[in-house]
Each structure stands twice: as structure tokens, then as C-alpha cells.
Colleague: 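Just passing along the structure, written as C-alpha cells.
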There are 2 protein chains.
Amino acid sequence: MPDRHTLAEVERATRERVEHLPLDFTASHALLSLYRAANAVRGRLTNTVLRPNDLTWTGFLVLWTLWIWDSMETREVADSVGISKGTLTGVAKTLMARDLIERIPSVEDRRLVSLKLTPEGVRLMEEIYPEFNKTESTIVGDVSAEHLTVMTDSLRTLVESSEAE
Amino acid sequence: MPDRHTLAEVERATRERVEHLPLDFTASHALLSLYRAANAVRGRLTNTVLRPNDLTWTGFLVLWTLWIWDSMETREVADSVGISKGTLTGVAKTLMARDLIERIPSVEDRRLVSLKLTPEGVRLMEEIYPEFNKTESTIVGDVSAEHLTVMTDSLRTLVESSEAE
DNA sequence: CTCGTAACGTTCGTACCCAAACGATTTCAG
DNA sequence: CTGAAATCGTTTGGGTACGAACGTTACGAG
């Protein structure tokens with residue numbers, strides 16, 4: 001039971017505070033809900049599945065990406081996970097220290113480095129991901145299938161709208 | 001034009017990689033879209049509106065919260081913004097160094113501290129928020145009104161599902 | 001009263017997070 | 001060929017981000 005203000009209360013207070021301004025409240029509260037939902041979901045998955053396995057959210061996303069795509073060059077991993085390449089350097093260092101991933105320098109272009117799961121990394125993903133996905137399924141379970149489809153499609157539209165510079 | 005894999009491509013690759021497992025792909029891709037959308041929106045708003053004004057995302061949220069609610073005790077601010085109270089201490093320090101907020105210790109209960117915008121903080125919010133909201137409106141503009149309503153409601157449901165422990 | 005307990009904000013250690021600067025490598029124009 | 005420009009991953013510096021431990025203050029049972 002969070003003692004914070006609910007999203008509905010924030011919406012009401014916002015209108016009172018700035019109702020004299022010509023603002024798009026619908027957009028504001030849609031994106032506030034987006035931010036809070038992403039935060040809440042991330043926190044829930046981190047606490048129930050990731051932390052017991054000593055993984056961070058970002059570290060897990062890197063592992064998951066490499067699991068799906070087998071091997072990937074670092075800047076692609078960074079872009080796929082949604083972090084800067086500088087951040088990836090640090091995260092990869094952490095994962096390498098645990099022998100979950102390995103670096104593979106390119107022989108054709110010596111500027112390039114690929115990342116790949118180690119057997120131990122594969123083992124960890126095979127163990128963790130079913131549980132991770134089960135929690136995802138639980139979280140999403142309270143939203144009807146039709147609404148979930150609309151939500152997912154709308155979110156993808158937002159990604160495109162935001163990235164169009 | 002992002003050179004990363006699109007969400008649709010990730011979805012296809014995921015199915016190929018783990019199709020033999022009994023997983024909830026719908027949930028997985030809904031939440032992946034949620035994470036990416038939140039990241040993209042945050043990045044867009046940060047780059048176009050916040051960074052030119054030397055504000056971080058979290059710093060802005062703290063200012064915005066105090067603007068809406070006038071004055072608030074620190075743990076409420078942290079909860080409202082979605083950060084830990086330890087993080088808030090650091091962010092508040094940064095904002096205080098710029099004279100955008102001020103600390104108000106409680107006289108009745110000397111453990112409590114409230115935060116409040118300074119006149120300069122109010123001035124900054126009055127200047128920035130209309131522009132912030134305008135960008136929000138642009139981002140959301142590609143989603144129809146009906147879909148946006150469904151999306152926002154679904155996101156609120158996700159917040160509740162995630163926070164129910 | 002008074003001591004145990006709970007609640008507050010801060011501090012601490014570790015890990016992320018970004019933009020900018022950097023050195024190394026490749027490419028391409030002349 | 002050769003040097004300027006582009007691209008790669010890393011490093012750097014400052015700012016979040018968290019949980020746990022901490023010192024302070026308030027409260028409640030006896």
C-alpha cells in the first residue's frame with residue numbers, strides 16, 4: 001500500500017495548479033503513467049528475480065540480448081539495451097568478472113569487439129529467464145488481452161515518435 | 001534512424017531462440033516495449049528541454065512535484081518521484097546548490113524536513129514546463145485519443161499489479 | 001519516568017549512466 | 001600513397017541510483 005499520492009490524485013492537483021495555462025494534460029499524465037509503470041515493473045522484476053541472483057537490471061538485459069542474438073558487437077548491444085556505449089563498457093566489465101560473457105576482438109577490423117555468453121552465462125539465462133517471464137506474465141495478467149495489444153502498439157508508436165529527431 | 005533491431009525483429013528472434021519453452025511472449029514484449037518507450041521518452045525530453053537548462057530528469061521531477069504540491073516532506077517527495085530517500089538526499093543537495101529549492105526543518109518533529117521551491121525555482125518551472133509539456137504533446141500526438149486512454153489506464157493497472165507484493 | 005522500538009533523513013559503498021574527450025584504426029579524397 | 005575525416009571502444013568526471021548501516025528523535029508499554 002503506497003502512501004504516495006495516486007496517479008489520479010496527481011492529475012487532480014496538477015489541474016488545480018496550472019489550469020490557467022494552455023497545457024496538454026492528457027499527454028502529461030499518459031507519460032507520467034508510462035514512467036511510473038516502467039519504474040514499478042523494473043523494481044518488481046529486480047527484487048523478485050534479479051537481485052536473488054546478484055544481477056542488476058541492465059546486466060540482465062545485456063545477458064538476455066546476447067542470449068537471443070548469440071553474438072553482437074558492443075555498440076549494437078548498447079543500442080539494443082538502450083544505454084550508452086560508455087556505460088556498456090562498465091557493465092560488460094562486471095559481467096566478465098563473473099565469467100558470464102566474453103570479449104571477442106574482430107580480426108578484420110581491429111576497432112571492433114563482439115560480446116558473447118559463456119557456457120555459464122547460457123546456463124544462468126536458462127535457469128533465470130523462465131522465472132523472469134513468469135513474473136512478467138503475472139504483472140501483465142490484470143490487463144485484458146485486447147487492452148494489452150493496444151498498449152503495446154501504442155508504446156511502439158511512442159518509441160518511434162520519440163526517436164524521430 | 002536507429003540501427004538497432006526494431007521491436008518486431010526482437011520479437012521474432014526471441015520466438016526462434018526459445019520457442020520450445022512454455023513462455024508468455026505477449027507479456028515479455030509488452031514489458032520490453034514499456035521499458036524502451038519509457039527510455040526513449042525520457043531521453044527525448046531530457047535532450048530537448050532539460051539538458052539545455054542544465055537539469056537532470058530526476059531533478060526536474062523533484063522540482064515539478066514541489067511545484068504541484070507546494071511543500072512536501074522528503075520521504076513523500078522520494079516516493080512520489082519514485083526514487084529512494086537516499087538518492088533524494090543527493091539530488092536535493094544538487095538543487096539546493098543552484099538555489100532552486102530550500103530545506104525547511106519541522107519544529108514539531110525534529111526528524112522531519114520539508115522541501116520547497118525557491119522563487120527562482122518557481123520561475124524556472126514557469127519557464128520550462130510549458131515547453132516540456134509541448135514536447136510531451138508532440139510525442140503523444142501519433143497515438144489516437146482512444147488508444148491513449150486505453151494505454152494510460154493499462155499502465156496504471158501495471159503500476160498496481162507491480163506494487164502489490 | 002524509562003527503556004525498547006519505530007520512524008526520520010543522512011551517509012556509505014558499489015554500480016550504473018551520460019556526454020565529451022581520447023587513442024587506435026579504417027576509409028577515402030586528392 | 002598520403003593525410004584528413006570518420007568510426008570504433010575506452011576513459012573520465014559529475015550526477016544519479018540502490019540497500020544497508022547509522023545517529024537522532026519521537027513514542028509507547030510497563
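Keep in mind it's a predicted model, so treat the numbers as computed, not measured. In what follows, chains carry the letters A, B, and so on, assigned in the order in which the sequence lines appear, proteins first and then strands, with residues in each chain numbered from 1.
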Colleague: In whole angstroms, how far is the P atom of C:dA15 from the CD1 atom of A:Ile83?
Modeller: 15 Å
Colleague: Would you kindly give the CG-to-P distance between A:Asp109 and D:dA6, to the nearest whole Å?
Modeller: 17 Å
Colleague: Answer yes or no: does a side-chain N or O of B:Arg51 lie under 4.0 Å from OP1 or OP2 of C:dA19?
Modeller: yes
Colleague: Please work out if B:Gly86 contacts a base, only the sugar-phosphate, or nothing of the nucleic acid, heavy-atom cut-off 4.0 Å.
Modeller: base
Colleague: To the nearest angstrom, how far is B:Asp54 atom CG from D:dG14 atom P?
Modeller: 13 Å
Colleague: OP1 or OP2 of C:dA15 versus the side-chain N and O atoms of A:Thr94: is any pair under 4.0 Å?
Modeller: no
Colleague: Does this structure show an ion pair linking B:Arg123 with B:Glu126, if we count only N-O contacts that are shorter than 4.0 Å?
Modeller: no
Colleague: Please confirm whether the ring centroid of B:Trp64 lies under 6.0 Å from the ring centroid of B:Phe132.
Modeller: no
Colleague: Is any side-chain heavy atom of A:Leu63 closer than 4.5 Å to one of A:Ile128?
Modeller: no
Colleague: Mapping A:Val107 and B:Thr74 to their closest nucleotides on DNA chain C, which lands nearer the 5' end?
Modeller: B:Thr74
Colleague: Ignoring backbone atoms, establish whether A:Arg75 has a side-chain N or O less than 4.0 Å from OP1 or OP2 of D:dT7.
Modeller: no
Colleague: So does B:Arg111 reach the base of C:dA7 with its side chain, donor to acceptor, closer than 3.5 Å?
Modeller: yes
Colleague: Do B:Asn133 and A:Ser28 have side-chain N/O donor and acceptor atoms under 3.5 Å apart?
Modeller: no
Colleague: What is the distance, to the nearest angstrom, from the CZ atom on A:Phe60 to the C1' atom on C:dA15?
Modeller: 18 Å
Colleague: NA contact type, A:Thr56, heavy-atom cut-off 4.0 Å: base, sugar-phosphate, or nothing?
Modeller: sugar-phosphate
Colleague: Write down the distance between CG (A:Leu88) and C1' (D:dC8), rounded to a whole number of angstrom.
Modeller: 13 Å
Colleague: Which sits closer to the 5' end of DNA chain D, B:Lys85 or B:Trp57, going by the nucleotide each is nearest to?
Modeller: B:Trp57
Colleague: Any chance the side chains of A:Thr152 and A:Thr149 put a donor and an acceptor closer than 3.5 Å?
Modeller: no
Colleague: Taking only N and O in the side chain of B:Lys93, is any of them less than 4.0 Å away from OP1 or OP2 of C:dG9?
Modeller: no
Colleague: Rounded off to whole Å, could you give me the CZ-to-P distance for the A:Arg42 and D:dT16 pair?
Modeller: 16 Å
Colleague: Quick check on DNA chain D: between A:Ser114 and B:Gly59, whose nearest nucleotide comes earlier from the 5' end?
Modeller: A:Ser114
Colleague: Is the shortest side-chain N/O distance from A:Arg103 to OP1 or OP2 of D:dT10 below 4.0 Å?
Modeller: yes
Colleague: Can you tell me if A:Thr58 touches the phosphate of C:dC16, counting only side-chain N or O atoms and a distance under 4.0 Å to OP1 or OP2?
Modeller: no
Colleague: Identify, with sequence neighbours excluded, every residue that meets side-chain contact (heavy atoms from CB on, under 4.5 Å) alongside B:Ser144.
Modeller: B:Glu146, B:His147
Colleague: Looking at A:Thr87, does any N or O in its side chain come under 4.0 Å of the phosphate oxygens OP1/OP2 on C:dC16?
Modeller: no
Colleague: How many whole angstroms separate atom CD1 of A:Ile104 from atom P of D:dG9?
Modeller: 14 Å
Colleague: When you measure from the side-chain N and O atoms of A:Asn47 to the phosphate of D:dC18, is any distance below 4.0 Å, counting only OP1 and OP2?
Modeller: no
Colleague: Rounded to the nearest Å, what distance is computed from the CG atom of residue B:Asn39 to the P atom of nucleotide C:dC18?
Modeller: 7 Å
Colleague: Under 4.0 Å between any heavy atoms, over every strand shown, what does B:Ser84 touch: base, sugar-phosphate, or nothing? Just pick one.
Modeller: base
